[in-house]
Amino acid sequence: MKKFTCVQDIGNLKAALDEAFEIKKDRFKYVELGRNKTLMMIFFNSSLRTRLSTQKAATNLGMNVIVLDINQGAWKLETERGVIMDGDKPEHLLEAIPVMGCYCDIIGVRSFARFESKEDDYNEIIINQFIQHSGRPVFSMEAATRHPLQSFADLITIEEYKKTARPKVVMTWAPHPRPLPQAVPNSFAEWMNATDYDFVITHPEGYELAPQFVGNARVEYDQIKAFEGADFIYAKNWAAYAGDNYGQILSKDREWTVSARQMAVTNNARFMHCLPVRRNMIVTDDVIESPQSIVIPEAANREISATVVLKRLLQSL
Ligand SMILES: CCC[C@H](NC(C)=O)C(=O)O
Ligand SMILES: NC(=O)OP(=O)(O)O
């Protein structure tokens, strides 16, 4: 595996899950693999879980770790080619990337959608420059259109908690005060569509995700109808994708906030969220604190998904 940016990169999901459960039994089993190898994690945006779990995964594999927050301490970077650099950015990404590649063996990148250009975001122009110019294997720590480390952890969690072979999994939009990227819902949908689960997406009209991510999922605009008989509820906010509304907030309707009302029509469903979560916007206190909430084990599995991915990248060096 030379990169990890999407579900296709991990290959057969059953094999990937077997590796995950093997590592979960002994997360230091491959501690020799990363000896004298360096992971560089590059953040253009904030993080708690990704930063901590990926660093932990690297130490599970015996790796050294360098973390760079681009907007704190490094030079402000110009990302557009052809720009006359007479402004406030003293360095171009096209120099910074190969330089960073000199100091490490594997690179992780977090670079959210900027909502300035749908084309630039959906062409993944930032992470693709790392893939093209760093000379190192690159993995996504959430890019503009996907968050594969999160989705892999989500799949591990559903496999651990499911009570039937083909659970009903419902991804629901919920309101948020800020316009959030489509990366997490896109990625979750991509991974769910790669399984044989009964997968449903529910959101208000106007919040349709890009068709290539919706795939064969059923889209239901009536949230209660979508929740009926569900085994897992995966809540997330995202800004509009379609048409001229790209990056816009179209609704803050708190009828979509996940509460006991909606959970009552499910099959005693587990509640999931990638975190960070805005309580009483995305989900009520009582639901996220209920015995059905598995947001903490879901976050814990980020260490496992990152360990499998780093192991695969190390084995391909
Ligand atoms: C893992 C989630 C990261 C980010 N969340 C925020 C609050 O920006 C998002 O919604 O994509
Ligand atoms: N879920 C997730 O990626 O969390 P962070 O944004 O805190 O890394």
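Each ligand, and each atom within it, is numbered from 1 in the order the structure gives. Not measured: the values here are computed from a predicted model. For reference, positions follow the sequence shown, starting with 1.
- Near His147, with a cut-off below 4.0 Å to any heavy atom, the atoms of ligand 2 are 2 (C), 3 (O).
- Closest protein heavy atom to atom 7 (O) of ligand 2: Leu48 N, 2.7 Å.
- Interatomic distance, Thr38 OG1 to Met63 CE, rounded to the nearest 0.5 Å: 7.0 Å.
- In this structure, the protein non-hydrogen atom closest to atom 7 (C) of ligand 1 is Leu180 CD2, 3.9 Å.
- Considering backbone and side-chain atoms together, Pro276 places no N or O closer than 3.5 Å to any N or O of ligand 2.
- Close approach of ligand 2 to Gln150 (heavy-atom distance below 4.0 Å) involves ligand atoms 1 (N), 2 (C), 3 (O).
- Shown here for Lys168 and Lys225, the closest heavy-atom pair between the two residues is NZ-O, 4.1 Å.
- Under the 4.5 Å side-chain heavy-atom criterion for grouping Ile, Leu, Val, Met, Phe, Trp and Tyr, Met192 is connected to Tyr234 within one hydrophobic cluster.
- Comparing Ala183, Cys274, Ser46 by heavy-atom distance to atom 1 (N) of ligand 2, the nearest is Cys274.
- Ring geometry, Tyr246 versus Tyr122: the interplanar angle exceeds 60°, so the pair is classed perpendicular (tilted spans 30 to 60°).
- By the 3.5 Å distance cut-off applied to N or O atoms, Arg110 is counted among the residues near ligand 2.
- For Trp238, no heavy-atom contact with ligand 1 is shorter than 4.0 Å.
- When each atom of ligand 1 is checked for a heavy atom of Leu275 under 4.0 Å away, the hits are 1 (C).
- Only the backbone of Leu275 comes within 4.0 Å of ligand 2, judged by heavy-atom distances.
- Closest protein heavy atom to atom 10 (O) of ligand 1: Lys236 NZ, 2.7 Å.
- Geometric assessment of Lys118 against the ring of Tyr241 yields a positive cation-pi assignment under the 6.0 Å and 45° thresholds.
- Nearest-residue assignment for atom 9 (C) of ligand 1 (options Ser46, Pro179, Pro181; heavy-atom criterion): Pro181.
- Nearest heavy-atom pair across Pro90 and Trp75 is CG-CE3, 3.4 Å.
- Note: no N/O pair closer than 3.5 Å links Arg51 and ligand 2 by distance alone.
- The proximity of Arg49 to ligand 1, defined as any non-hydrogen pair under 4.0 Å, does not occur for either the backbone or the side chain.
- A cation-pi arrangement is found for Arg51 relative to Phe43, the charged atom lying closer than 6.0 Å to the ring centre and inside a 45° cone about the ring normal.
- Residues Ala269 and Ile233 share a closest heavy-atom pair of CB-CG1, 4.0 Å.
- When each of Lys29, Glu303, Arg27 is paired with Asn60, the side-chain hydrogen bond (donor to acceptor under 3.5 Å, both in side chains) condition holds for Glu303 and for no other.
- Taking 4.0 Å as the cut-off, Arg302 counts as a neighbour of ligand 2 on heavy-atom distance.
- Of all atoms in ligand 2, numbered sequentially from 1 with element shown, those under 4.0 Å from a heavy atom of Ser47 are 5 (P), 7 (O), 8 (O).
- In this structure the side chain of His147 never reaches within 4.5 angstrom of the side chain of Cys274, judged on heavy atoms.
- Scanning the protein heavy atoms around atom 2 (C) of ligand 1, the nearest turns out to be Glu142 OE1, 3.7 Å.
- For atom 4 (O) of ligand 2, the closest non-hydrogen atom of the protein is Arg49 NE, 2.9 Å.
- The distance from atom CG of Leu39 to atom CZ of Arg136, rounded to the nearest 0.5 Å, is 12.5 Å.
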